[in-house]
There are 2 protein chains.
Amino acid sequence: MPHDRIRLGQLHEKIVSAEAAADLIRDGMIVGMSGFTRAGEAKAVPLALAARAKAAHALNEPLKITLITGASLGNDLDKQMAEAHLLSRRIPFQSDPALRKAINAGEVMFVDQHLSETVEHLRTHMLGPIDVAVIEAVGITANGGIIPTTSVGNSATFAILAEKVIVEINLTQPAELEGLHDIYIPTRRPFREPIPVVTPESRVGLPFIAIPPEKIAAIVVSRKLDSASNVLPPDGETAAIAGHLMQFLEHEVRRGRLTSRLQPLQAGIGTIANAVMHGFIASPFHDLTMYSEVLQDSTFDLFDAGKLNFASGSSITLSKAKHDAVMPRIADYKPRLILRPQEISNHPEIIRRLGIIGINTALEFDIYGNVNSTHVGGTQMMNGIGGSGDFARNAYLSVFVTKSIAKGGALSSVVPMVSHVDHTEHDVDILITEQGLADLRELAPRERARLIIAHCVHPLYRDALEDYVARAGARGGHTPHVIEEALSWHVRARETGAMLPGAVRASV
Amino acid sequence: MPHDRIRLGQLHEKIVSAEAAADLIRDGMIVGMSGFTRAGEAKAVPLALAARAKAAHALNEPLKITLITGASLGNDLDKQMAEAHLLSRRIPFQSDPALRKAINAGEVMFVDQHLSETVEHLRTHMLGPIDVAVIEAVGITANGGIIPTTSVGNSATFAILAEKVIVEINLTQPAELEGLHDIYIPTRRPFREPIPVVTPESRVGLPFIAIPPEKIAAIVVSRKLDSASNVLPPDGETAAIAGHLMQFLEHEVRRGRLTSRLQPLQAGIGTIANAVMHGFIASPFHDLTMYSEVLQDSTFDLFDAGKLNFASGSSITLSKAKHDAVMPRIADYKPRLILRPQEISNHPEIIRRLGIIGINTALEFDIYGNVNSTHVGGTQMMNGIGGSGDFARNAYLSVFVTKSIAKGGALSSVVPMVSHVDHTEHDVDILITEQGLADLRELAPRERARLIIAHCVHPLYRDALEDYVARAGARGGHTPHVIEEALSWHVRARETGAMLPGAVRASV
């Protein structure tokens, strides 16, 4: 059966064990691995490598690598590799608790990058060279082209630039995924041409990763499923957030700024963005399209509801139930799906051209509209900026969503000043919590503060923010602050667990 | 003589006084005016309007407008309009001390926008409609096309979208500017095509602004010169900054990452960026090109030195001496120059495609590489983000420059945490002060802090930052901070005028 998936016969002899393939990876190497939002990652080789690292370290032999991926990996791979102390440097995104701990302890150097940019850095030799690429595939074409599985991520550029390529043929990934992918690589500067994507449906590349087959140094057969998505189902608060967005978009249609087909939609990874996308099912909008990075359960629910015409992404990440429903029918969905390299799904050129409505999740935002997506308390990394910056900067409409409070009310998601900025006031149009929506477009900071406090803040924190903004405004400035108190909520949260005295008690 | 400049004869009868033209602008209107980096602004009508506002307000009659421009205006126009209390809202950039004061007092609502984005907001009706556009021109073609002067800015889109257009024919602007401009307007979404600019030299539009001539409601004749640039000449510190950059670029050429022709250069407005560009004169680089927003004295010095082959921008802003040398010979320079709409000069699509080396000025940056370009002490607006974000986000190489100290050493330009973020760590590759250069590419925050403190900080502040980073690192986190001290330098500067006790004395 693996042989059916490898249509270039001369490659059959390259099939080896995961351990033998992992042996190609040596201490100090830069390794590129497939995988994006826990989809389509190479599964067997990283595990074998982590096991080897444990054994090597027990013998005091060095084995550390720089690991570059598309985005987050599933199957606890980042955990296994972090706990084996295999990773010296990790680029550009992760979402694993064990790896996160190592990053925050300063043990793993984490480079938190816009997801569209990593391959530009590789191509211009700011990063790299890639010694080994490890790519999950459903198969290899008769010409040696690698057919990716449930994500494309950075796999194509890794394979093109790597010295050696290891392919993991995953037999549990349906062969019908072939034809889903559209692999386009921008031409080299200074002769780069416009990227010809002009609609979410545009097919502009090849359905496989084209590399000289002799670069394929090893092939490993694997049978592990992608991890199931860990998003939570919609709840009352996420439904309220979705409701505010739908109401706002209806208003925009009435004002003639949008049609009822809207513009291509993007939604970030995670529970809230997925829930917000579910809100489109009961909306008056129709013939929707997505031009996004990750396609989650909501994408297929929108297909099934007849709301969505087409979805372009870089990966498919589903819950167990949705995976079991979708994958046997993937051939039916395929005419309405494209998976692209993340450089293309997230490319500023295309996001600006298509006029995307981008919906991303904030960890916290401030009264002036600056957004923190990454750092708890200003210091502790959660996952990384991911693609949110690629979309927020160039979107037609940049929406950020979050619940107004966290930890049972001990923390407010709306603060005087964010403790870390990932998206500046310049890149944030609309803020939504379950409390309501603030439309910040064409407003000065003082006006933004009034709207955000009136519409987005939890009542527990409203008085305190109104007091802050009044005292700050009296001091003057385009963006008024009581600078010695600007981060005091974070200081108090660090010291007492709550942003305001009594905030936890009051919320009960 | 004005009649020679207006080749469509039927428009001759539209010539009126500045006062009569200004009467077309009424209370509450949204007005778009030409002008970018104090170049090519309409000069007579704004003055007449400011005078009328003063008179109206003396009679308690309301006269306030929303004013949108390309960028900053010269000839004290923003000052005149601010002092006449004419401006209720001002978009997207300014650099005038009187207007700045009104903005910081909360009297004028200032919307600080990426310069590439304003016309997208107008086109999608988030902003507008434009009631009246006031555009400086060297002339009008036989078809009624408006020929801009020393800047294009947002003039084309203002004229296209405005209900009425006032043209100011400026007889002191050389008629030879005709042919310099390349006016390209992106097609409308959802049918937008790739923008066909593939090199700085690409000409893709028309040499004039094409509108139906019947929209021209009035023509005013003016004779005022553009204001001279107020940049200071290079000094020892700016020469040191330039030297560090040249040395770094030579290193990049040796590593094979760049050729000795480099990649298209962009430099922000102002003294330091202009001085850095002068550094290329004595460099080994050759056959350079610029794809920038403002072309300053250094552009023409580089032409004259035989270093620069071509320069694309949105405006030409020169010192008095350089203006007197260049303008009589503008026809000689014209084959190597293009002025474009700021949407195109600053477009993310093109900046990413061309692989620009972007050099912009920071007000302050922090030990992790976040940059504040706009807010003194976190609250007081200087000028605005301008185009720095358009370039920094999408550049091949994003460089920020500043002197390491200000106010005789009372302030450090390198701080534990910036008090306002315009450019996040994700968008900053290289930081340079006169002390040295920090190459932040592919580094984690803890590594960045070590480099920045070692290379960029003034010795006066090095011990304090080393102490901060050591105590922060001991607390842990991907981006370590002693959060209750993170803004303490700004608090102390506000209270005592100096960031550290004794900092002023020590510097003397």
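Quick note: numbers below take in every heavy atom, side chains included, and nothing from hydrogens, waters or symmetry partners. Letters A, B, ... mirror the listed sequences (proteins, then strands); counts begin at 1.
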Exercise for the section: Answer with side chain, backbone, both or neither: which region of S116(B) has an atom nearer than 4.5 Å to a non-hydrogen atom of chain A? Expected result: both
Handout entry: R494(B) portion near chain A, given a 4.5 angstrom heavy-atom threshold
Key = side chain
Handout entry: Contacting region of A486(B) [heavy-atom separation from chain A under 4.5 Å]
Key = side chain
Problem - Note, E442(A) side chain near I91(B) side chain (heavy atom, < 4.5 Å) - result: yes
Exercise for the section: Identify, with sequence neighbours excluded, every residue that meets ring-ring contact (aromatic ring centres under 6.0 Å, His included) alongside F365(B). Expected result: none
Handout entry: Toward chain A, the part of L354(B) with a non-hydrogen atom under 4.5 Å
Key = backbone
Completion exercise
Heaviest contributor of heavy-atom pairs below 4.5 Å to chain A, chosen from R446(B), Q380(B), H121(B), H481(B), is R446(B)
Handout entry: chain B contact residues among residues 253-265 of chain A, heavy-atom distance under 4.5 Å
Key = R257(A), Q263(A)
Practice task
Mind checking the CZ-CD spacing from R352(A) to E120(B)? Nearest 0.5 Å is all I need.
Solution key: 4.5 Å
Handout entry: P348(B) vs N394(A) side-chain heavy atoms within contact, under 4.5 Å
Key = yes
Handout entry: side-chain contact (heavy atoms from CB on, under 4.5 Å) between R448(A) and V111(B), intermediate numbers included
Key = CA-CA 11 Å; R448(A) 293 172 160 228; V111(B) 185; 5.9 Å; no
Practice task
Under 4.5 Å, counting heavy-atom pairs only, tell me which of R189(B), M109(B), R100(B) racks up the most with chain A.
Solution key: R189(B)
Practice task
List for me each residue that meets side-chain hydrogen bond (donor to acceptor under 3.5 Å, both in side chains) alongside H426(A), sequence neighbours excluded, and say none if there are none.
Solution key: D422(B)
Completion exercise
The interface call for D390(A) against chain B, heavy-atom contacts under 4.5 Å, is backbone
Practice task
Could you tell me the separation between the CD1 atom of I195(A) and the CZ atom of R353(B), rounded to the nearest 0.5 Å?
Solution key: 7.5 Å
Handout entry: Option that, when pairs with chain B are counted at under 4.5 Å, heavy atom only, ranks first among L443(A), I351(A), N370(A)
Key = L443(A)
Handout entry: Leading residue by heavy atom contact count with chain B [cutoff under 4.5 Å; candidates H423(A), M381(A), Q113(A), K101(A)]
Key = M381(A)
Practice task
Sort Y396(A) into side chain, backbone, both or neither according to what part of it lies under 4.5 angstrom from a heavy atom of chain B.
Solution key: both
Practice task
Could you list the residues that satisfy ring-ring contact (aromatic ring centres under 6.0 Å, His included) with H478(B), not counting sequence neighbours?
Solution key: F110(A), H375(A)
Problem - Close side-chain approach of T379(B) to T479(A), heavy-atom, < 4.5 Å - result: no
Handout entry: Largest heavy-atom contact set with chain A, pairs under 4.5 Å, which of T199(B), I350(B), D427(B)
Key = D427(B)
Problem - pair E117(A)-R393(B): side-chain heavy atoms closer than 4.5 Å - result: yes
Practice task
Can you measure from CD (E425(A)) to NE2 (H420(B)) and round to the nearest 0.5 angstrom?
Solution key: 4.5 Å
Fill in the blank from the handout: All heavy atoms of I483(A) vs all of S419(B), minimum pair found to be CD1-CB, 4.4 Å
Fill in the blank from the handout: Taken to the nearest 0.5 Å, the spacing of L487(B) CG from L487(A) CG works out to 4.5 Å
Exercise for the section: Identify which part of Y368(B) has an atom lying under 4.5 Å from any heavy atom of chain A, answering side chain, backbone, both or neither. Expected result: neither
Completion exercise
Between the OG1 atom in T124(A) and the CZ atom in R441(B), the distance rounded to the nearest 0.5 Å is 7.5 Å
Fill in the blank from the handout: From the list L127(A), I103(A), V198(A), the residue making the most non-hydrogen contacts under 4.5 Å with chain B is L127(A)
Completion exercise
Separation between CD (E252(B)) and CE (M126(A)), nearest 0.5 Å, reads 7.0 Å
Practice task
Let me see the working for R89(B) and E447(A) under side-chain contact (heavy atoms from CB on, under 4.5 Å), right down to the final yes or no.
Solution key: CA-CA 12 Å; R89(B) 190 172 299 274; E447(A) 298 170 306; 2.6 Å; yes
Fill in the blank from the handout: Applying a strict 4.5 Å limit to non-hydrogen atoms, the region of E484(B) in contact with chain A is both
Handout entry: Leading residue by heavy atom contact count with chain B [cutoff under 4.5 Å; candidates H114(A), H125(A), R192(A)]
Key = H114(A)
